Amino acid sequence: MNPGFFEREATIVAPQLIGTELYVGGAGGIIVETEAYEPDDPASHSFRGQSLRTRSMFGPAGHAYVYRSYGIHWCLNFVCRPGSAVLIRAVQPLAGLAEMERRRGRNDPLLLCSGPGRLCQALGITIDHDGMSLFEQPFSLKAPAEPALVMTGPRIGISQAIDHPWRFGLQGSVYVSKRFPA
DNA sequence: ATTATGATTCCCT
DNA sequence: GGGAATCATAATC
């Protein structure tokens with residue numbers, strides 16, 4: 001995987017990220033759930049233009065955009081084209097289990113990295129990672145050997161543009177944060 | 001199924 | 001400067 005991978009629209013990149021391995025400081029696993037956000041998308045932070053918070057969402061592709069959600073959690077996005085990003089919603093844990101359980105304070109494997117807030121807590125993602133390159137430490141990405149089987153559906157937790165099927169998940173995975181309708 | 005939690009942004013006055 | 005809204009989660013009903 002190379003930086004050019006992210007120089008496209010999030011709606012294209014998001015499904016292709018399913019099956020990619022993501023590690024932060026050695027902890028992580030397989031990305032099993034993503035959502036796409038576009039500049040002309042009312043549910044996107046970039047919809048009303050650049051701001052202090054969304055600065056990195058307009059920065060170089062292949063970098064991280066981290067924001068605080070509901071005042072409590074962090075959420076990790078991969079920046080694609082300017083104002084376009086992929087929200088990482090769930091990971092199937094593979095490495096660094098003990099460290100992730102320690103950071104989470106829990107050890108239920110099905111809830112360890114399932115959900116954007118849990119994922120960031122388990123991987124130790126904070127605002128410090130905002131704007132960092134995904135191709136440098138502590139990040140590590142590894143493309144899947146074969147394209148994954150991807151499910152699609154409407155995005156979660158938004159009130160605008162709810163009809164766009166811009167949520168993507170690994171078919172059959174029990175680690176997605178919410179089941180995809182059959 | 002419902003609610004407490006509680007930081008930051010953004011949009012208005 | 002105020003107040004609603006927010007890309008969730010965990011605890012409680």
Side-chain angles (χ1 to χ4, degrees), chain A residues 6 9-18 20 22 24 27 31-59 61 63-93 100-132 134 150-170 173-181:
Chain A
F6 291 99
E9 297 174 8
T11 48
I12 304 295
V13 173
Q16 295 191 15
L17 277 173
I18 301 297
T20 297
L22 163 67
V24 180
I31 297 172
V32 297
E33 185 181 347
T34 60
E35 281 180 3
Y37 288 88
E38 296 286 359
D40 60 350
D41 166 13
S44 172
H45 286 169
S46 59
F47 182 65
R48 292 174 191 82
Q50 187 172 349
S51 68
L52 190 58
R53 173 177 62 155
T54 62
R55 186 178 57 84
S56 55
M57 203 169 169
F58 293 84
H63 286 232
Y65 166 50
V66 179
Y67 66 87
R68 195 179 284 280
S69 170
Y70 290 95
I72 309 169
H73 315 288
W74 298 107
C75 288
L76 171 65
N77 299 256
F78 292 172
V79 178
C80 299
R81 298 177 57 164
S84 178
V86 176
L87 172 67
I88 308 302
R89 290 192 51 93
V91 162
Q92 173 183 342
M100 294 196 286
E101 289 168 358
R102 178 182 58 75
R103 280 194 286 246
R104 289 262 310 135
R106 289 163 177 52
N107 62 359
D108 185 334
L110 289 178
L111 296 178
L112 193 56
C113 303
S114 295
R118 294 189 187 110
L119 169 64
C120 284
Q121 188 180 19
L123 298 193
I125 298 284
T126 70
I127 194 63
D128 291 340
H129 296 85
D130 185 50
M132 291 181 60
L134 302 172
V150 177
M151 307 281 292
T152 67
R155 294 176 290 180
I156 291 181
I158 61 174
S159 51
Q160 301 286 315
I162 56 177
D163 50 328
H164 288 119
W166 286 352
R167 174 174 176 250
F168 307 95
L170 179 62
S173 175
V174 297
Y175 294 97
V176 296
S177 63
K178 187 166 179 245
R179 288 184 56 90
F180 285 76

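Quick caveat, the model's predicted, so the values are computed rather than measured. Labels below follow one simple rule: chain letters A, B, ... track the order of the sequence lines, proteins then strands, and each chain is numbered from 1. As a basis for the values below, the full set of heavy atoms in this structure was taken, side chains included, without hydrogen atoms, waters or symmetry mates.
- In this structure, A/Glu38 and A/Ser44 approach most closely via the heavy-atom pair O-CB, 3.1 Å.
- Counting any heavy atom pair closer than 4.0 Å across all strands shown, A/Arg167 reaches no nucleic acid atom.
- Atom CZ of A/Arg55 and atom C1' of B/dT9 are 16 Å apart (whole Å).
- A/Arg89 comes within 4.0 angstrom of sugar-phosphate atoms only, judged by non-hydrogen atoms across all strands, and of no base.
- Distances shorter than 4.0 Å separate none of the side-chain N or O atoms of A/Ser159 from OP1 or OP2 on C/dA5.
- Checked by atom type and distance alone, the side chain of A/Asn77 never pairs as donor or acceptor with a backbone atom of A/Val79 at under 3.5 Å.
- Pairing analysis of DNA chain B (Watson-Crick: purine N1 to pyrimidine N3 plus N6-O4 or O6-N4; G-U wobble: N1-O2 and O6-N3; both under 3.5 Å) yields stems of 3 or more pairs at B:1-5 with C:8-12, B:7-12 with C:1-6.
- When distances run from any side-chain atom of A/Arg68 to the nucleotides B/dT9, B/dA7, C/dC7, the shortest one goes to B/dA7.
- As a whole-Å value, the separation of A/Ile88 CD1 from C/dC7 C1' is 12 Å.
- Applying the salt bridge (charged side-chain N to carboxylate O under 4.0 Å, His left out) rule to pairs touching residues 155-168 of chain A yields A/Glu33-A/Arg167, A/Asp41-A/Arg155, sequence neighbours excluded.
- Here C/dA10 is the nucleotide among C/dC7, C/dA8, C/dA10 with the atom lying nearest to any side-chain atom of A/Arg106.
- In this structure, A/His45 does not reach the B/dT9 phosphate: none of its side-chain N or O atoms is under 4.0 Å from OP1 or OP2.
- Whole-Å rounding puts the A/Leu52 CG to B/dT8 C1' distance at 11 Å.
- In the interface, the side chain of A/Tyr67 is paired with the base of C/dC7 through a donor and an acceptor atom under 3.5 Å apart.
- Between the CZ atom of A/Arg48 and the C1' atom of C/dC7 there is a distance of 13 Å, rounded to whole Å.
- Where A/Gln121 and A/Ser44 each meet DNA chain C at their nearest nucleotide, the meeting point lying more 5' is that of A/Ser44.
- When rounded to the nearest whole Å, the span between CD of A/Glu35 and C1' of C/dC7 equals 6 Å.
- Comparing atom distances between the A/Ile72 side chain and each of B/dT5, B/dC11, C/dC7 picks out B/dT5 as nearest.
- Separating the NE2 atom of A/His73 from the P atom of C/dA5 is a distance of 19 Å, rounded to the nearest angstrom.
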Could you give me the CA-CA distance, side-chain angles and deciding distance for A/Phe78 and A/Thr20, then say whether side-chain contact (heavy atoms from CB on, under 4.5 Å) is met?
CA-CA 13 Å; A/Phe78 292 172; A/Thr20 297; over 6 Å; no
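- By the criterion of a centre-to-centre distance under 5.5 Å and near-parallel planes under 30°, the ring of A/Tyr70 forms no stack with the base of B/dT5.
- If you check every strand for non-hydrogen atoms under 4.0 Å, A/Ser177 touches nothing.
- Note on ring orientation: taking the six-membered ring where Trp is involved, the planes of A/Tyr67 and A/Tyr65 are tilted (angle from 30° to 60°).
- In this structure a side-chain-to-backbone donor-acceptor pair under 3.5 Å is missing from A/Asn107 to A/Glu101.
- Straight-line distance from the CZ atom of A/Arg103 to the P atom of C/dT9: 17 Å, rounded to whole Å.
- Computed from coordinates, the A/Asp108 CG to C/dA10 C1' distance equals 12 Å when rounded to whole Å.
- Judged by distance alone, with hydrogens and angles left aside, the side-chain atoms of A/Arg118 form a donor-acceptor pair with the main-chain N or O of A/Ser114 at under 3.5 Å.
- Side-chain atoms of A/Arg53 lie closest to B/dT9 of the nucleotides B/dT9, C/dT9, C/dC7.
- With hydrogens and angles ignored, the 3.5 Å screen pairs a side-chain donor or acceptor of A/Thr34 with a backbone N or O of A/Ala14.
- Of the listed nucleotides (C/dA10, C/dA8, C/dC7), C/dA10 has the atom at the smallest distance from the side chain of A/Arg118.
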